[in-house]
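Read the structure below first, then the notes.
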Amino acid sequence: MAGVRAYIFFGLNVVRFLSIVSLILVFASSIFVIVTDVEAVNAFEAARQSGNVTAQDFADCEYIENSTVPNQIGGVFWAIINRLLIIFQVVILFLSEIGWPSPFFDRFFPVLGSGFGLGALGIFQGLIGAAVLSQHVDDFTLVSAFFLFVLGCINMFLGLLFRESAKNRRSITLWREGAKDVLPTNNPRPPTNLSRSSSGQTHTSSTVYDEKTRDVTEFGAMRNGSRAGYGFGRQGEKAAGLRGFLISKPLESRPRYAARPTSAPSRSSRSSSPEPESEPHFASSGSAI
């Protein structure tokens, strides 16, 4: 039904819009977290050089204050790499949601291409949301990551429900093409035989069945530009012979259930005169009446 198709189309596109919004929020919050972490590390290093922070205080804290940077060797480096990878994944998922460039995803990243559903997209969104939520972050980053995680769960459910047809069902291009062709057209060619009556009304003298009837030859074969039908007559036998095929006449045979013919008594060829017919006799007298 067209109504169910429209509901599915608009529902999937609403989820698509919310997914794009959540990715934009996570992208912005990741940049905000990078800036916050860099400022916190700079403040910590300035306090350490000024003598306000002792070596014991530096060893006791697990994370640098007001940041997501762990207090370990290379902690700043890995924290920044983590945020950069999240930003890179968010950009890839964002391009996958808007469907550009589709040939790139179909060839190099097919799980996010048009041939797959929304399950893989939901898994990636859930992983990003869980990675951000596993750290102590500010409220803006917390809400953005939770929003992305919820949308990831919804996309995983829609992927299980619609499978690989989910992206085709929400495609705006396919929706417009489907709106143009509401009724199925079996004969794309325009009718050629049109007769106009004297009153000015136009009547079509050919239908789909008439088109098929005109394409059928007298032997019952369909017309084709490269192959002509000759039927089972002399023309067909001659055409088969020219192509090297031999049509043999089947041997005459009787079915198994048919009775065998009984042989009639043969007359002698030496007797030239026919045998005299016997007169009928009756039980009451010796001669016929």
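All residue numbers in this chain count up from 1 along the given sequence. Since the model is a prediction, treat every value here as computed from it, not as a measurement.
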>> Same cluster or not: F124 versus M156, using hydrophobic residues (I, L, V, M, F, W, Y) connected whenever any side-chain heavy atoms lie under 4.5 Å apart?
In response: no
>> Are more than 12 heavy atoms, taken from residues, nucleotides or ligands other than F105, located less than 6.0 Å from that residue's CZ atom?
In response: yes
>> Side chains of T36 and N66 only: does a donor on one sit below 3.5 Å from an acceptor on the other?
In response: no
> Does the side chain of T141 pick up a donor-acceptor pair with the side chain of D138 at under 3.5 Å?
Replying inline: yes
>> Is there a continuous path of hydrophobic side-chain contacts, each under 4.5 Å between heavy atoms, that joins L127 to L112?
In response: no
>> Can you give me the closest heavy-atom contact between S30 and I87, atom names plus distance?
In response: CB-CG1, 3.6 Å
> Mind checking whether I34 and E39 have side chains closer than 4.5 Å, heavy atoms only?
Replying inline: no
> Is there a chain of hydrophobic side chains (I, L, V, M, F, W, Y, each step under 4.5 Å between heavy atoms) that links W78 to V35?
Replying inline: no
>> If the test is side-chain contact (heavy atoms from CB on, under 4.5 Å), which one of V21, I31, L148, L93 qualifies with V26?
In response: L148
>> As an exercise, state the distance from CG of N71 to CD of E65, rounded to the nearest 0.5 Å.
In response: 12.0 Å
>> Angle between ring planes, F140 versus F32, binned at 30° and 60°: parallel, tilted or perpendicular?
In response: perpendicular
> Below 4.5 Å, heavy atoms only, C-beta onward: do F162 and R169 meet side chain to side chain?
Replying inline: yes
> Do R16 and S19 touch side chain to side chain, with heavy atoms closer than 4.5 Å?
Replying inline: no
>> Tell me which one of V38, V41, V69 satisfies side-chain contact (heavy atoms from CB on, under 4.5 Å) with I80.
In response: V38
>> Out of the candidates V15, L25, I98, only one should pair with I20 under the side-chain contact (heavy atoms from CB on, under 4.5 Å) rule; please name it.
In response: I98
> Under 3.5 Å, is there a donor-acceptor pair between the side chain of D106 and the main chain of S114?
Replying inline: yes
>> Show, in sequence, the C-alpha distance, side-chain angles and deciding distance for K167 and E97, and conclude whether the salt bridge (Lys or Arg N to Asp or Glu O under 4.0 Å) test is met.
In response: CA-CA 9 Å; K167 292 186 178 179; E97 280 291 79; 6.0 Å; no
> Any side-chain heavy atom of W175 sitting closer than 4.5 Å to one from S171?
Replying inline: no
> What is the minimum heavy-atom distance between N168 and E164, and which atoms define it?
Replying inline: ND2-O, 4.3 Å
